[in-house]
Amino acid sequence: MRFELLKILLVDDNHHMRVLLTEILRAIGIRDVFEANDGAEALQIMRAYSIDIVMTDLAMAPLDGIDFVRLVRNSPESPNPMIPIVMITGHSTMRRVEEARDVGVTEFLSKPVTARGVIERITRVVERARPFVRSGQYFGPDRRRRDDPDYQGPYRRSGEERANKKVIDI
């Protein structure tokens with residue numbers, strides 16, 4: 001992968017975390033790293049520059065990571081609703097991970113961050129991009145990460161077919 005072509009936006013109210021992430025990104029060859037203190041500032045940067053990936057903290061004020069992702073995915077004024085978003089947080093309880101997933105986060109990275117973790121998430125969003133899904137309550141990357149051939153539950157998408165079973169629209 002040609003990391004040097006990527007433009008990354010870091011959103012975190014902790015200056016030291018932004019410095020750490022910037023150093024990791026620069027070490028792997030990413031030259032264009034933009035920084036924001038919170039979600040509101042990040043939206044302004046996204047309007048001014050063509051950003052490829054957003055890496056955001058969950059716990060920020062006044063606009064936290066969850067609300068920021070919700071705005072990026074759903075606001076009519078969003079500069080790029082389909083941008084890959086990596087949520088970085090020390091609050092990696094299952095509830096918080098599910099909350100982030102349910103607002104449209106592309107990937108999740110727990111603190112303490114490592115260079116390996118950052119590289120894996122960036123590589124995953126670039127090389128294995130998931131299609132976006134729009135439903136009544138959700139817009140974001142497909143939350144299903146694997147195709148389970150043994151899945152016996154209902155298939156809820158029109159045209160979805162598995163093991164010679166045609167999906168019925170619900």
Side-chain angles (χ1 to χ4, degrees), residues 1-75 77-133 139-146:
M1 179 184 315
R2 299 195 50 203
F3 289 111
E4 70 274 8
L5 300 176
L6 294 174
K7 292 181 180 78
I8 308 284
L9 172 58
L10 302 177
V11 189
D12 198 316
D13 57 356
N14 182 321
H15 173 73
H16 301 292
M17 182 55 69
R18 291 194 318 269
V19 168
L20 171 66
L21 287 167
T22 298
E23 290 303 316
I24 291 171
L25 295 171
R26 295 223 191 279
I28 63 172
I30 296 173
R31 294 179 290 216
D32 295 323
V33 179
F34 300 85
E35 296 183 19
N37 284 312
D38 61 35
E41 185 179 348
L43 287 170
Q44 291 175 342
I45 292 171
M46 288 176 68
R47 287 184 185 102
Y49 300 95
S50 178
I51 302 296
D52 297 308
I53 299 171
V54 173
M55 301 181 83
T56 182
D57 188 32
L58 190 148
M60 297 181 292
L63 186 64
D64 74 3
I66 297 293
D67 291 334
F68 168 67
V69 174
R70 191 176 286 120
L71 281 172
V72 169
R73 295 289 186 236
N74 299 306
S75 172
E77 290 86 34
S78 175
N80 185 355
M82 296 176 64
I83 192 165
I85 300 174
V86 178
M87 179 72 69
I88 303 171
T89 186
H91 306 281
S92 58
T93 64
M94 186 53 99
R95 183 182 70 78
R96 295 300 270 180
V97 172
E98 288 173 351
E99 184 180 16
R101 176 203 64 198
D102 291 344
V103 297
V105 166
T106 312
E107 290 293 333
F108 200 86
L109 180 61
S110 295
K111 291 178 184 175
V113 297
T114 63
R116 176 185 224 158
V118 171
I119 292 167
E120 286 174 356
R121 295 327 180 279
I122 291 172
T123 301
R124 198 176 297 159
V125 301
V126 172
E127 292 183 352
R128 290 187 280 169
R130 291 180 282 151
F132 270 62
V133 175
F139 175 70
D142 189 344
R143 295 179 279 196
R144 297 178 299 179
R145 293 185 175 266
R146 60 189 170 277

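The residues of the chain are indexed from 1 along the displayed sequence. No experiment lies behind these values; they were computed from the predicted model shown.
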**Message:** Please find the pair of heavy atoms, one from P81 and one from F132, that lie closest to each other, and give the distance.
**Reply:** O-CE2, 3.8 Å
**Complete:** Note: V33 and I30 closest approach over all heavy atoms is CG2-CG2, 3.9 Å
**Asked** What's the shortest heavy-atom distance between V125 and P84, and which atoms?
**Response** CB-CB, 3.9 Å
**Asked** Do L9 and M46 come within less than 4.5 Å of each other through their side chains, counting heavy atoms only?
**Response** yes
**Euclidean distance, Q44 CD relative to Y49 OH, rounded to 0.5 Å** = 11.5 Å
**Request:** Spell out, as yes or no, whether a donor-acceptor pair under 3.5 Å connects the side chain of E41 to the backbone of N37.
**Result:** yes
**Prompt:** Are side-chain heavy atoms of I66 and D64 found at a separation under 4.5 Å?
**Reply:** yes
**Prompt:** Rounded to the nearest 0.5 Å, how far does CE of M87 lie from CZ of R96?
**Reply:** 8.5 Å
**Asked** Should the pair R18-D13 be classified as a salt bridge under the 4.0 Å nitrogen-to-oxygen rule?
**Response** no
**Request:** Quick one: do V126 and I53 satisfy side-chain contact (heavy atoms from CB on, under 4.5 Å)? Show the steps, please.
**Result:** CA-CA 9 Å; V126 172; I53 299 171; 4.0 Å; yes
**Complete:** Exactly one of L43, T56, I45 clears side-chain contact (heavy atoms from CB on, under 4.5 Å) with V11, and that residue is T56
**Asked** R121 side chain to I88 main-chain N or O, any donor-acceptor pair under 3.5 Å?
**Response** no
**Message:** Rounded to the nearest 0.5 Å, what separates atom CZ in F3 from atom CG in D52?
**Reply:** 12.5 Å
**Item:** Nearest heavy-atom neighbours spanning R73 and F139
**Value:** O-CD2, 3.3 Å
**Request:** Evaluate the side-chain proximity of F34 to I51: yes if any heavy-atom separation is below 4.5 Å, no if none is.
**Result:** yes
**Request:** Please answer whether the main-chain N or O of V103 pairs with a side-chain N or O of R70 as donor and acceptor at a distance below 3.5 Å.
**Result:** no
**Item:** Shortest non-hydrogen contact from G117 toward T114
**Value:** N-OG1, 2.9 Å
**Request:** Could you tell me whether the side chain of K7 reaches within less than 4.5 Å of the side chain of R31, counting heavy atoms only?
**Result:** no
**Message:** To the closest 0.5 Å, what do you measure between CD (E107) and CD1 (I85)?
**Reply:** 12.0 Å
**Request:** Measure the shortest side-chain to side-chain distance between V54 and V72 over non-hydrogen atoms and say whether it is less than 4.5 angstrom.
**Result:** no
**D38 side, atom CG; D67 side, atom CG - distance, nearest 0.5 Å** = 11.5 Å
**Asked** Is there a side-chain contact between V118 and L21, using heavy atoms and a 4.5 Å cut-off?
**Response** yes
**Message:** With a 3.5 Å distance limit and no angle check, can you tell me whether S78 reaches the backbone of N74 through a side-chain donor-acceptor pair?
**Reply:** no
**Request:** Might you work through the side-chain contact (heavy atoms from CB on, under 4.5 Å) test for V113 and M17, ending with a clear yes or no?
**Result:** CA-CA 9 Å; V113 297; M17 182 55 69; 4.2 Å; yes
**Request:** For the residue pair V105 and V97, establish whether any side-chain heavy-atom pair is separated by less than 4.5 Å.
**Result:** no
**Request:** Flag the pair K111 / T89 as yes when at least one side-chain heavy-atom distance between them is below 4.5 Å, and no otherwise.
**Result:** no
**Complete:** CG of L10 to CG of D12, rounded to nearest 0.5 Å, is 8.0 Å
**Prompt:** Would you call R95-E98 a salt bridge at under 4.0 Å N-O?
**Reply:** no
**G104 versus P141, closest heavy-atom pair with distance** = O-CD, 3.4 Å
